[in-house]
Amino acid sequence: MPTGSITDMLGLEEIDRDIYRASFVIEGGRHLYGGQVAAQALMAAGLTVDGDRRPHSLHGYFLRAGEADRPTVFRVERDRDGRSFSARRVVALQRGAVLFNMACSFHVPVDGIEEQVAVPPTLAAPDDLPPYTHGLVSVDMRAPADSPYGWAWPTRFWVRVTEDLGEGELVNACALTYVSDISTGLVKWADAQRGPGPSIDHTVYFHRPLRADRWVLLDLVPHIVAQGRGVYTGSISGSDGRQAVTLVQEGLFWGDMGMVPPASHVAGYGTGS
C-alpha cells in the first residue's frame, strides 16, 4: 500500500505563475493512477480561480502512461473568466511529455430548482460490508464480496476519504475525482481472454456539493463495447440518496486489442492512464 495522505497528494507547489508541481510519489515502479492525475489537474486549475467559483465539469484525456514514483508538473491556461463561469485548460507533464490534458469549468453557485430522476441503488450499509483492497491513499472502500459479473472489480460500492477534508468545495471535488476512477463499469463483458484496460478519457459533472470524507455511493453502469473501446457511466450519491456527481468514462478493452488483460488490472486497482 502507498504511504502518505490525500492532502499530501493534492498539495501542489507553485513554481511559476500557473505552473504547479505535485511532488507526491509512490515508490515501486507502478503506473500513475488516472484518478490521481485528474484530481491534481483539477486542483491546479482551481488554484487559479476566484474562491467563489466551484468546479462543475471536467473533461480529460489520458495520453501516456505516467510514472507514480516521479513528480508531475501541471501547466494551466486561463481561457476565460466571465461573470459566472471560469474556463481552464490543464496539461500534466513528466519528462517533458504530456501525460494528460483537461478542460474544466467553474461556476458561481446559484439557487434554483433541484430535481433528479434516478434513485440510487440499494446496497448494504458500509459497516455491514467488508473492506475492499485497493491502491489508493486515505480511502476506505466497502463492496460486496462478489462482483455482479464475477470479476474482481466491483461496480457498486461505498467509499470515503479517511482524512478530514472540511467543507471546502474544491478539495472535496478533487477527492471525488480521485475516487471516480477506482473501478470500471465494463466488467459485464469481461472473461478470461478479454477485459477492461486503461482509461483513455474521463468526464465528471459536479451537480451539488458533497463531502468526500463521508460515505458516498458509486454506481457504475456499462453501455457499449465496440472497436476495442468501451463506455460506461456512473453516479456518486451521498448516503441521503442525493446524486452529486455524474461521470462518463471510455476505456480500452484488452482482448479486442489483441492483448490479454494484465494481472494488475484483474486485481482491481484503478483503471487510469
Taking the six-membered ring where the residue is Trp, are the ring centres of [X] and [Y] under 6.0 Å apart?
{"X": "Tyr20", "Y": "Phe74", "answer": "no"}
{"X": "Tyr205", "Y": "His59", "answer": "yes"}
{"X": "Phe85", "Y": "His56", "answer": "yes"}

- Item | Trp158 backbone acceptor or donor facing Tyr132 side chain under 3.5 Å | no
- Okay, side chain of Asp181, backbone of Gly35: is any donor-acceptor separation there less than 3.5 Å? yes
Go through the structure and list residues passing side-chain hydrogen bond (donor to acceptor under 3.5 Å, both in side chains) with [X], not counting sequence neighbours.
{"X": "Asp81", "result": "Ser86, Arg88"}
{"X": "Asp128", "result": "none"}
{"X": "Thr162", "result": "none"}

- Task: For Arg95, enumerate each residue passing the side chain to side chain contact (heavy atoms under 4.5 Å, CB included) test, keeping only those at least two apart in sequence or located in another chain.
- Result: Glu67, Arg70
- Query: Is there any salt bridge (charged side-chain N to carboxylate O under 4.0 Å, His left out) pair reaching into residues 46-58, and which pairs are they, with sequence neighbours excluded?
  - Reply: Arg54-Glu169
Which atom pairs, donor and acceptor, lie under 3.5 Å between side-chain atoms of residues 214-224 and protein residues at least two apart or in another chain?
residue, atom, partner, partner atom, Å
Asp219, OD1, Arg156, NE, 2.9
Asp219, OD1, Arg156, NH2, 3.3
His223, NE2, Thr233, OG1, 2.8

- Query: Between Asp18 and Arg75, is any pair of side-chain heavy atoms under 4.5 Å apart?
  - Reply: no
